[in-house]
**Q** 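Sending over a structure as C-alpha cells; questions will come in a sec.
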Amino acid sequence: MIRPIALFSLSAVLCSSLLAYGVKDGCKPHSENFYGDSERGWFYSEAPCTKKDENTSVAKTPTTNTNKKYKLIPKVVEVPWDIIDQIDPEQIAEMERDAQKTALMYPTDHNVKQHRLLHKYVVKKSVAYAKAGDRLGRADTELAAWRSEIPLSAFARTASLKQAGDKNNETLRKYSSMAGIVVITQRGCGYCEKQIPILEMLREQTGFTYKEVDMAQAPTAVINLGVATTPDMFLVLNKNGVPRWHRVASGLNTLSEIKQAILIGLHSLGEIKDNTIIYK
C-alpha cells in the first residue's frame, strides 16, 4: 500500500516533471498524443513541438515623443451682449475670467473695455440680487421671521458688538481702581500726540487712568522696560501693594485695540479667567 505521504510526494514529482517538460524548448504537449499512449502510460507520451526560431526578432512598437500641447487663448474679447441676459450665470462668470486673461495678454482698448463692461455687468447683477434679498427679508413675512433667527444681519452684528463692548467696559471699570496705563512718549513724536487723546477717551468710558512719561525724563525706566519705540504702553496692576508690569501695546493704537490689549494683559497676569472675553 502506498502511504498518503508517499502518494503526495509522487504527485509533486510528477507535477514538477510535467511543468519542466511543458516548457522545454518552448514546446507544449498536444492533448491527443499526450493521453493516447495507453501502453507506456500517459506520462511517457511524446508531444509534438514547434520550436521558436531564435533568429526571429519581435518588432517593437516605436515610441514617439509628442510635443506638449498648450491652451491658446483668443486674441480678441467677444461678448454676446445681445443674449447676455439669457446665458447661464456660471458661464458668464467663466466668460468674464477668460475675457480678463485675453485682456491681460492682449491689452488693446477693445479687450480691456469689453472685460471691464462684462465685470461691471456681473457686479451689477450681484448687487441687484443682494438688494432684492434685503428688501424681501424685511417685507416678506416668512423671510422676515427667518432673518430674525440668523445673527448675521447688520443689525444683529451691531447689537452683538455693542453687547461685547459693554461687557469689556464693565470689566475694565472693575479693574480701574487697581490698574492703569503708563505710556512712554518722547518730544516731537507725532504718534504720541495722537495717542494721548485716545487714552483720554479710554479714561472717560472706563475710568481707566493713564500716566504719560517722557523717555528723556526716565532713562533708567526706559532701559529696564526695553522701550524701543514710542508710544509704548504698559499695564500696571497694583494688587496687595505689589505693582506688576506688562507691555500691552506699542505704536499708535485705536481705542478698541487698547481696550482689547488691556484685557489680554489682565488675562496674562491671571486676573481674567473668562476666555470668551479674550478670544472672540
Side-chain angles (χ1 to χ4, degrees), residues 127 130-131 134 137-138 147-280:
V127 172
K131 288 183 177 180
D134 184 68
R138 298 175 185 276
R147 175 177 176 171
S148 64
E149 299 173 356
I150 303 177
L152 297 179
S153 65
F155 174 79
R157 289 196 301 269
T158 302
S160 178
L161 290 174
K162 185 179 183 305
Q163 184 179 5
D166 292 342
K167 185 177 182 181
N168 291 347
N169 289 342
E170 182 182 350
T171 302
L172 292 174
R173 195 172 291 108
K174 172 185 175 182
Y175 284 93
S176 63
S177 60
M178 65 181 71
I181 292 293
V182 173
V183 53
I184 309 297
T185 62
Q186 63 176 325
R187 185 174 301 177
C189 171
Y191 289 153
C192 299
E193 295 176 359
K194 295 179 180 179
Q195 190 68 81
I196 298 304
I198 297 176
L199 290 173
E200 184 64 25
M201 293 172 60
L202 173 70
R203 185 189 64 79
E204 293 174 356
Q205 293 184 11
T206 66
F208 224 84
T209 58
Y210 70 93
K211 180 177 180 57
E212 181 182 3
V213 177
D214 190 333
M215 64 183 307
Q217 303 299 323
T220 303
V222 168
I223 295 174
N224 293 336
L225 294 174
V227 176
T229 184
T230 57
D232 205 1
M233 286 174 279
F234 296 84
L235 169 67
V236 182
L237 177 65
N238 189 355
K239 195 171 184 180
N240 300 325
V242 179
R244 301 175 64 188
W245 290 66
H246 186 82
R247 176 182 274 108
V248 292
S250 295
L252 181 60
N253 284 258
T254 65
L255 179 60
S256 60
E257 289 173 338
I258 294 175
K259 289 181 179 180
Q260 188 66 17
I262 295 174
L263 292 172
I264 294 175
L266 291 171
H267 182 271
S268 300
L269 293 175
E271 291 297 320
I272 295 180
K273 308 297 183 181
D274 186 3
N275 290 334
T276 60
I277 298 179
I278 309 303
Y279 306 105
K280 296 191 262 188

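Every heavy atom of this structure was used, including side-chain atoms; hydrogens, water molecules and symmetry mates were not. Note that the structure is a prediction, hence the values are computed from the model and not measured. The first residue of the sequence shown is numbered 1, and numbering continues consecutively from there.
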**Q** In Å and rounded to the nearest 0.5 Å, what is the OG1 to CZ distance from T171 to R173?
**A**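 Here the interatomic distance stands at 9.5 Å.
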**Q** Give, for atom NE2 of H246 and atom CG of L269, the distance between the pair rounded to the nearest 0.5 Å.
**A**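 Answer rounded to 0.5 Å: 6.0 Å.
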**Q** Mind checking what makes side-chain contact (heavy atoms from CB on, under 4.5 Å) contact with S177, not counting sequence neighbours?
**A**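 side-chain contact (heavy atoms from CB on, under 4.5 Å) check on S177 returns nothing, list empty.
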**Q** Determine all donor-acceptor pairs shorter than 3.5 Å in which one atom belongs to a side chain in residues 198-206; sequence neighbours excluded.
**A**
from : atom 1 : to   : atom 2 : distance (Å)
E200 : OE1    : Y210 : OH     : 3.1
E200 : OE2    : R203 : NE     : 2.9
E200 : OE2    : R203 : NH2    : 2.4
Q205 : OE1    : K259 : NZ     : 2.6
T206 : OG1    : L202 : O      : 2.7
T206 : OG1    : F208 : N      : 3.2

**Q** Could you tell me which residues satisfy side-chain hydrogen bond (donor to acceptor under 3.5 Å, both in side chains) with E193, sequence neighbours excluded, listed by chain and number?
**A**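 E193 satisfies side-chain hydrogen bond (donor to acceptor under 3.5 Å, both in side chains) with no other residue.
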**Q** Run the side-chain hydrogen bond (donor to acceptor under 3.5 Å, both in side chains) test against T185 and tell me which residues pass, sequence neighbours left out.
**A**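 Residues passing side-chain hydrogen bond (donor to acceptor under 3.5 Å, both in side chains) with T185: E212.
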**Q** Any side chain to side chain donor-acceptor pair (under 3.5 Å) involving residues 233-243? Give me the pairs, sequence neighbours left out, ordered by first then second residue.
**A**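 Of all non-adjacent pairs touching residues 233-243, those that pass side chain to side chain donor-acceptor pair (under 3.5 Å) are K239-E271.
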**Q** According to side-chain contact (heavy atoms from CB on, under 4.5 Å), who are the partners of P197, at least two apart in sequence or on a separate chain?
**A**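 By the side-chain contact (heavy atoms from CB on, under 4.5 Å) rule, P197 matches no residue at all.
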**Q** What are the two closest non-hydrogen atoms of A216 and P219, and how far apart are they?
**A**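 Closest pair (atom of A216, atom of P219, distance): O-CD, 3.9 Å.
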**Q** Using the side-chain hydrogen bond (donor to acceptor under 3.5 Å, both in side chains) criterion, which residues pair with K194? Sequence neighbours excluded.
**A**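 So K194 forms no side-chain hydrogen bond (donor to acceptor under 3.5 Å, both in side chains) with any residue.
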**Q** Looking only at heavy atoms, what is the nearest atom pair of I184 and M215, with distance?
**A**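 Answer, listing the atom of I184 first, then M215: CG2-CB, 3.8 Å.
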**Q** Output a table of donor-acceptor pairs, distance under 3.5 Å, between side-chain atoms of residues 220-235 and any protein atom two or more places apart or on a different chain; print 'none' if there are none.
**A**
from : atom 1 : to   : atom 2 : distance (Å)
N224 : ND2    : T220 : O      : 3.3
T230 : OG1    : Q186 : NE2    : 3.0
D232 : OD1    : R247 : NE     : 3.1
D232 : OD1    : S250 : OG     : 2.7
D232 : OD2    : R247 : NE     : 3.3
D232 : OD2    : R247 : NH2    : 2.9

**Q** Taking side-chain contact (heavy atoms from CB on, under 4.5 Å) as the test, write out the residues that go with V242, two or more places apart.
**A**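 So V242 forms no side-chain contact (heavy atoms from CB on, under 4.5 Å) with any residue.
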**Q** Taking the side chain as everything from C-beta on, heavy atoms only, tell me whether N168 gets closer than 4.5 Å to I262.
**A**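 In short, these two side chains do not touch, never coming nearer than 4.5 Å.
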**Q** Give the minimum heavy-atom separation between P243 and V236, together with the two atoms involved.
**A**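 It is CB-CG1, 4.2 Å.
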**Q** Mind listing the closest non-hydrogen atom pair of N253 and Q195 along with its distance?
**A**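 Closest approach of N253 to Q195: N-OE1, 2.7 Å.
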**Q** T254: which residues meet the side-chain contact (heavy atoms from CB on, under 4.5 Å) condition with it, sequence neighbours left out?
**A**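 Partners of T254 by the side-chain contact (heavy atoms from CB on, under 4.5 Å) criterion, ordered by chain and then number, come out as S256, E257.
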